[in-house]
Amino acid sequence: MSLLDSALVRLLPAVPKPVVQLFSSRYIAGPRLEDAVTTVRELNTGGKLATVDVLGEEITREEETRAIAQAYREVFAAIDDAALDSNVSVKLTALGLDLSYDLCRENLLDVVRTSAGYGNFVRIDMEDSSTTDDTLRLYRELREDGHDNLGVVLQARLRRTLDDVQALADLEPSVRLCKGIYLEPGAIAFTEYEAVRANFLRCLDALFDSGCYVAVATHDEWLIAESLALIAERDLAPLEYELQMLLGVREERRDELVEAGHRLRVYVPFGEHWYRYSLRRLQENPAMAGTIARATAGRVLRISR
Ligand SMILES: Cc1cc2nc3c(=O)[nH]c(=O)nc-3n(C[C@H](O)[C@H](O)[C@H](O)COP(=O)(O)OP(=O)(O)OC[C@H]3O[C@@H](n4cnc5c(N)ncnc54)[C@H](O)[C@@H]3O)c2cc1C
């Protein structure tokens, strides 16, 4: 990323919402459940699996968290009706973690029980570091209560993650391993690009050592190659791991990986609360961030002329 681009990325939150929406549409299935169903059907037709996320990060009231849990019930019914190959991903803040741990637990239980009724699976996304302890605690509580259709996410960016892998080992968790999108301070996180990559591989190795099912979630070509080398060394069969990518990112590479015989799952967000998710995706795409900033500057200049 050039210095200019990285400065522009920091300015993205000041970009008008309609511009953000225009440039981020590739990352989101659409506002409605039907949009997600259409996207997942297309992915399935192309040999890919999906995980559906109901966008809900901007919610602040208890009724809204219950509405998100209800939206997941509708997602499971739609997946079942259309015989789609998809599970779901949930964010605990959308289920009320910022409001109350117990409310969030209740909503998560509701989603997990509904999922079990359909023989489906729920992945808890990992959010910023203020939520890590509660997320792992809730994950353990539910697993210890016998809810086995539940997985979690670990972030290679965090220094604690290798310890978390060891601490979770007794549960043989299903883990999505990603770099971690939330920029955290150096005291708790690796801040250098190469250090995050190195920790990703250390954690992946440790997860395989403890017999976990791992979803390797990255678009980083070097990491994909190194992860596949580890998988080959361990002689894992295609059903013993999966690769994951985000909707709208590296679509050609997705196809190649599927053709090479890997299971590949695409993260499919949909819903009205698209703004924060979109900002994060654009901030990760430096070329796009620059383009948006230039388009916005052009608009502002035209308006002020
Ligand atoms: C399925 C999935 C689920 C995730 N869940 C979580 C989660 O629960 N918690 C969490 O903190 N993070 C999550 N992430 C995000 C992840 O942590 C990273 O922030 C994100 O994947 C970018 O890191 P990267 O490994 O792809 O490497 P990067 O070095 O960021 O990207 C590698 C290359 O991929 C391409 N690329 C990456 N992002 C974009 C983009 N937005 N637009 C266009 N091209 C792009 C570029 O070519 C880039 O050079 C998830 C990622 C995936 C794939």
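We count ligands from 1, going down the list as the structure has it; atoms in each ligand are counted the same way. In what follows, residues are counted from 1 in the order of the sequence shown.
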Quiz item: Who's closest to atom 19 (O) of ligand 1 heavy-atom-wise, of Arg26, Lys179, Arg123, Glu284?
Solution: Glu284
Quiz item: Name the one of Glu63, Glu62, Glu64 that satisfies salt bridge (Lys or Arg N to Asp or Glu O under 4.0 Å) with Arg66?
Solution: Glu62
Self-check item: Separation between CG of Leu257 and CE of Met245, rounded to the nearest 0.5 Å
Solution: 5.0 Å
Quiz item: Can Thr51 and Arg176 be counted as having a side-chain donor-acceptor contact under 3.5 angstrom?
Solution: no
Practice problem: Consider ligand 1: state whether an atom of it lies below 4.0 angstrom from any non-hydrogen atom of Tyr27. | Solution: yes
Quiz prompt | Polar contact flag, side-chain donor to acceptor under 3.5 angstrom, Tyr72-Asp110 | solution = no
Exercise. Just go through Ala217, Gly180, Cys178 and tell me whose heavy atom is the nearest to atom 6 (C) of ligand 1.
Key: Cys178
Quiz item: What part of His219, side chain, backbone, both or neither, has a heavy atom within less than 4.0 angstrom of ligand 1?
Solution: both
Exercise. May I ask you to identify the nearest protein heavy atom to atom 24 (P) of ligand 1, giving residue, atom name and distance to one decimal place in Å?
Key: Thr218 OG1, 3.6 Å
Self-check item: For ligand 1, the portion of Leu246 having any non-hydrogen atom under 4.0 Å away
Solution: both
Quiz prompt | Heavy-atom proximity to atom 4 (C) of ligand 1, best of Arg250, Arg176, Glu221 | solution = Arg176
Quiz prompt | Asp128 and Ser130: side chain donor to acceptor below 3.5 Å | solution = yes
Practice problem: Ignoring hydrogens, tell whether any protein atom lies closer than 4.0 Å to atom 44 (N) of ligand 1; use the non-hydrogen atoms only. | Solution: yes
Exercise. Might you check, step by step, whether the distance between atom 34 (O) of ligand 1 and some protein heavy atom is under 4.0 Å?
Key: yes
Self-check item: Numbering as shown, the atoms of ligand 1 that approach Asp125 to under 4.0 Å (heavy-atom distance)
Solution: 8 (O)
Quiz item: What atoms of ligand 1 come closer than 4.0 angstrom to any heavy atom of Tyr182?
Solution: 11 (O)
Quiz item: Between atom CG of Asn285 and atom CZ of Arg281, what is the distance when rounded to the nearest 0.5 Å?
Solution: 10.5 Å
Exercise. Please identify which atoms of ligand 1 are closer than 4.0 Å to at least one heavy atom of Tyr193.
Key: 28 (P), 29 (O)
Quiz item: Nearest protein heavy atom to atom 39 (C) of ligand 1, by residue and atom, and its distance?
Solution: Val249 CG1, 3.9 Å
Quiz item: Taking atom types as modelled, is there a side-chain donor on Arg202 or Asn199 under 3.5 Å from an acceptor on the other?
Solution: yes
Self-check item: Minimum non-hydrogen distance to atom 15 (C) of ligand 1, winning option of Arg197, Arg253, Arg281
Solution: Arg281
Quiz item: Counting only heavy atoms, which portion of Val153 has something under 4.0 Å from ligand 1: side chain, backbone, both, or neither?
Solution: side chain
Quiz item: Would a 4.5 Å heavy-atom cut-off, applied to side chains only, mark Leu204 and Val214 as touching?
Solution: yes
Quiz prompt | Polar side chain donor-acceptor pair, Asp53 to Tyr267, under 3.5 angstrom | solution = yes
Practice problem: Specify the protein heavy atom at minimum distance from atom 8 (O) of ligand 1: its residue, its atom name, and the distance to 0.1 Å. | Solution: Met126 N, 3.1 Å
Exercise. Determine, for Phe200 and Lys179, whether the Lys NZ or Arg CZ falls below 6.0 Å from the six-membered ring centre while staying within 45 degrees of the axis.
Key: no
Exercise. Scan the protein's non-hydrogen atoms and note whether one is under 4.0 Å from atom 48 (C) of ligand 1.
Key: no
Quiz item: Between Lys91 and Tyr277, is any side-chain donor less than 3.5 angstrom from a side-chain acceptor?
Solution: no
Quiz item: If you draw the axis of the six-membered ring of Phe190, does the NZ or CZ of Arg159 fall within 45° of it and under 6.0 Å from the ring centre?
Solution: yes
Self-check item: Any N/O pair Leu223/ligand 1 closer than 3.5 Å
Solution: no
Exercise. Between Gln155, Gln244, Glu242, flag the one that comes closest to atom 11 (O) of ligand 1 by a heavy atom.
Key: Gln155
